[in-house]
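I have placed the structure first, in the form of structure tokens, so that the comments after it can refer back to it.
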Amino acid sequence: MSAIAANEPLLVLDRLSKRYQRGWPQRRTTFSLEADMSFARPEIVGVLGPNGVGKTTLFEMIAGSSAPSSGRVVCAGQDIHRVKHDQRDRLAIHYHQSYQVRKRHHGKPSFLLDSARGDYPRIHLFDEPQFNTQDGYIGFMLNFFRKLRGDGRLVFLCLHPTAQYHIAILQEICERFLFVADGTVSAAPDMITLGGDARVARYLGKLNPA
């Protein structure tokens, strides 16, 4: 695996935006999402937000399977949307729910695009993974996430909490948090700070008892 420069962030969301529009002849925006932030080092990041706000869309843009309307996703020093389609998972990989890899290919033919400079993904995106509550399984998965981080990877863990133990998982494993809502992505250094946002408090207040 090729190393990235010491001062190169693992991931940069550079004025990233996604918009969906509909209607004719006057088009109106039916969905929008914006993010502008960077992730300099290996860490485990928790991602939360109500259904339908764009968490999966954000992951698809990071993994290179859905093109942004504007802005860039720079993974390990490369604009992932300028990398050959079948090599994008060497930079970032998107696992959906039952840990299946999610892919969609769009855009320019691969022969017009760059080759990936790595051979193993630096960014791992877990999109609402299933946590079986049988003995030892949750601990096994948390150790797996920690191993990825220890190997220099950037790990995103997106959960839509339906039970208290989901929050406990995020609190135990995550080093910072993102909250997706109202077309934006906001960051918080810990769960307490995140909970200070009234939108988050309303969202987490819908939790079912464990």
Side-chain angles (χ1 to χ4, degrees), residues 1-21 31-47 49 52-130 140-141 144-160 178 180 185:
M1 180 183 65
S2 61
I4 64 175
N7 60 348
E8 190 86 69
L10 281 171
L11 174 66
V12 178
L13 308 181
D14 179 20
R15 294 170 292 179
L16 188 68
S17 74
K18 184 76 171 183
R19 294 180 299 277
Y20 293 113
Q21 296 182 319
F31 171 89
S32 66
L33 181 66
E34 297 182 354
D36 188 37
M37 57 187 62
S38 65
F39 303 82
R41 65 183 192 281
E43 59 181 329
I44 301 174
V45 181
V47 182
V53 295
K55 301 185 300 294
T56 294
T57 298
L58 177 65
F59 279 12
E60 288 174 344
M61 287 193 288
I62 294 173
S65 61
S66 179
S69 301
S70 62
R72 299 184 305 154
V73 177
V74 183
C75 298
Q78 288 189 274
D79 183 337
I80 196 167
H81 293 278
R82 294 181 179 273
V83 170
K84 295 179 186 298
H85 301 297
D86 61 354
Q87 295 182 18
R88 292 179 184 181
D89 58 6
R90 300 181 188 180
L91 298 175
I93 190 165
H94 181 188
Y95 309 90
H96 189 65
Q97 293 184 343
S98 57
Y99 303 98
Q100 296 177 337
V101 175
R102 185 164 180 156
K103 291 184 178 181
R104 287 192 305 175
H105 294 164
H106 296 289
K108 293 182 180 179
S110 274
F111 72 87
L112 295 175
L113 300 172
D114 299 330
S115 295
R117 295 201 291 262
D119 55 15
Y120 188 82
R122 304 299 298 266
I123 300 158
H124 294 252
L125 304 136
F126 293 91
D127 194 351
E128 297 192 14
Q130 298 174 4
F140 171 81
M141 290 309 304
F144 174 59
F145 299 147
R146 290 186 180 108
K147 183 179 187 306
L148 287 172
R149 187 233 189 274
D151 289 340
R153 317 298 169 193
L154 176 60
V155 179
F156 289 89
L157 176 58
C158 174
L159 287 181
H160 180 59
L178 302 180
V180 184
V185 182

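Index from 1, following the sequence.
- Side-chain contact between Phe59 and Thr57 is absent, with no heavy atoms from C-beta onward closer than 4.5 Å.
- In plain terms, the two heavy atoms of Leu125 and Ala63 that are nearest each other are CD1-CB, 4.0 Å.
- Here SG of Cys158 is found 12.5 Å from CZ of Phe126. Values are rounded to the nearest 0.5 Å.
- No side-chain donor-acceptor contact under 3.5 Å links Lys18 to the backbone of Leu58.
- Within the 4.5 Å cutoff, the side chain of Leu157 has no heavy atoms near those of the Val45 side chain.
- A pairwise comparison of heavy atoms in Phe31 and Gly54 identifies CZ-CA, 3.8 Å as the closest pair.
- Across Leu113 and Arg82, no two heavy atoms sit closer than the pair CB-O, 3.4 Å.
- The side-chain heavy atoms of Leu178 and Met37, taken from C-beta on, include a pair separated by under 4.5 Å.
- Of the possible donor and acceptor atoms, none in the side chain of Ser32 sits under 3.5 Å from a partner among the backbone N and O of Arg19.
- None of Tyr95, Phe39, Phe145 except one satisfies the side-chain contact (heavy atoms from CB on, under 4.5 Å) rule with Phe156; the exception is Phe39.
- One side chain, Ser17 or Ser70, offers a donor N or O that lies under 3.5 Å from an acceptor on the other.
- Of all heavy-atom pairs between Arg41 and Leu10, the closest is C-CD1, 3.4 Å.
- The distance from the CG atom of Asp127 to the NE2 atom of His160 is 12.0 Å, given to the nearest 0.5 Å.
- The CG atom of Asp89 sits 11.0 Å away from atom CG of Asp119, with the distance rounded to the nearest 0.5 Å.
- Contact annotation: the side chain of Arg153 never approaches that of Pro42 to less than 4.5 Å [non-hydrogen atoms, C-beta and beyond].
- The structure places CD1 of Ile123 at 4.5 Å from CG of Leu11, a figure rounded to the nearest 0.5 Å.
- In this structure, the side chain of Glu128 does not engage the main chain of Leu159 through any donor-acceptor pair within 3.5 Å.
- Between His96 and His94, the angle of the ring planes goes over 60°, which puts this pair in the perpendicular group of the 30/60° scheme.
- Residues Leu33 and Val53 come closest through the heavy atom pair CD1-O, 4.1 Å.
- Within a 6.0 Å radius of CZ in Arg146, other residues, nucleotides and ligands contribute more than 12 heavy atoms.
- The backbone N or O of Ile80 sits less than 3.5 Å from a side-chain atom of Arg88, completing a donor-acceptor pair.
- Listed for the Asp79 side chain is a donor-acceptor partner under 3.5 Å among the backbone atoms of His81.
- Within the 4.5 Å cutoff, the side chain of Cys75 has no heavy atoms near those of the Arg122 side chain.
- Side-chain contact between Asp114 and Lys84: absent, with no pair of heavy atoms (C-beta onward) separated by less than 4.5 Å.
- Side chain of Gln78 to backbone of Ser115: a donor-acceptor contact under 3.5 angstrom is found.
- Summarising the geometry, atom OG belonging to Ser69 is positioned 8.0 Å from atom CD belonging to Gln21; distances are rounded to the nearest 0.5 Å.
- The side-chain heavy atoms of Glu34 and Leu16, taken from C-beta on, include no pair separated by under 4.5 Å.
- The shortest side-chain heavy-atom distance between Leu13 and Val73 falls under the 4.5 Å cut-off.
- Taken from CD1 in Ile62 to CD1 in Ile93, the straight-line distance is 14.0 Å, to the nearest 0.5 Å.
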